[in-house]
Amino acid sequence: MQKLVVGNWKMYLTANQARSLAQICAAQLNDLCRENDIKLVLCPSAEAINGVVQAIADADALAVGAQDCASEQSGAFTGQVAAASLKEIGCAYVIIGHSELRVRGAESDDQLEKKLQQALAAELTPIFCIGETLQEKKADQTNHVIKEQLAPLKKAMASFKSLKKAYIAYEPVWAIGSGLVPDAPTIENVCAQLDQELQGYSDRVRYLYGGSVDADAARWLWQVPHLAGLLVGKASTDFQLLKKIVGYKQ
Ligand code: PEP
């Protein structure tokens, strides 16, 4: 089954830098991705999307995703980008609920559900992020937090029976940018919980791991049975690291 590597470029790159990196990825990673049956989804910041879409136009193993979308279809929402616009300019995926946005914007479950609805209506494949904070982990609340965080996704999916596919990225907040990665059994436990919580959607929902994925972590993360791929932040802005992450999949 095809695996996904999602590069969340956050705000690390300018529009020109993002286009250049996408050109290099298109030229040098497309064949490797095809050989390893990987779809490489590049997620630049909004202003860089057009350039990245153009840069990967001839690379069929690559795709473009957005880092967020608006919770509304259109209207007086300064600074927001509509899911339908993202689709129009060539995005196929959208990250929703990233912890950096959940924390900063204090996104409510209602907003997240609406974002998911907008993404699904625009035929973007959502990459929905969940994961506990360090405090929640220490308090042994991971399972509880994950159950709660899944609610918007469950609601959105229930109203989109024709939904083809959604990805859930397990990204413990304490692992993002920290160099720490949970061990395989911890990731497997979360995936097993997701299986339980999402009974009835199992054919349409797949799981990613994200948080401090680098080349070393990728080696063993590719062996974790439940995972359909990796969500990579900082390391995905370094071409050599990204190449290793893609190349280590057997
Ligand atoms: C992320 O924030 O989505 C992420 C995976 O970040 P990093 O790999 O830099 O920890």
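Worth saying up front: this structure is predicted, and the values here are computed from it rather than measured. Whatever order the structure lists them in is the order used to number ligands and atoms, beginning at 1.
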All pairs passing side chain to side chain donor-acceptor pair (under 3.5 Å) where residues 137-158 contributes a residue, at least two apart: Asn143-Gln193
Between Glu136 and Trp174, is any side-chain donor less than 3.5 angstrom from a side-chain acceptor? no
Correct closest heavy-atom pair for Ile56 and Ala26 would be CA-CB, 4.1 Å
Examine the side chains of Thr186 and Asp183 and answer whether a donor and an acceptor come within less than 3.5 Å of each other. yes
Atom of Cys129, atom of Glu171 and distance for their closest heavy-atom approach: SG-OE1, 3.9 Å
So what's ligand 1 close to, N/O to N/O, under 3.5 Å?
unit_1	atom_1	unit_2	atom_2	d
ligand 1	2 (O)	Lys10	NZ	2.6
ligand 1	2 (O)	His98	NE2	2.7
ligand 1	3 (O)	Asn8	ND2	3.4
ligand 1	3 (O)	His98	NE2	2.9
ligand 1	3 (O)	Glu171	OE1	3.2
ligand 1	3 (O)	Glu171	OE2	2.8
ligand 1	6 (O)	Lys10	NZ	3.3
ligand 1	8 (O)	Ser212	N	3.4
ligand 1	8 (O)	Gly233	N	2.9
ligand 1	9 (O)	Lys234	N	3.0
ligand 1	10 (O)	Gly177	N	2.7
ligand 1	10 (O)	Ser212	N	2.8

Are Arg34 and Asp60 ion-paired here, with the side-chain N under 4.0 Å from a carboxylate O? yes
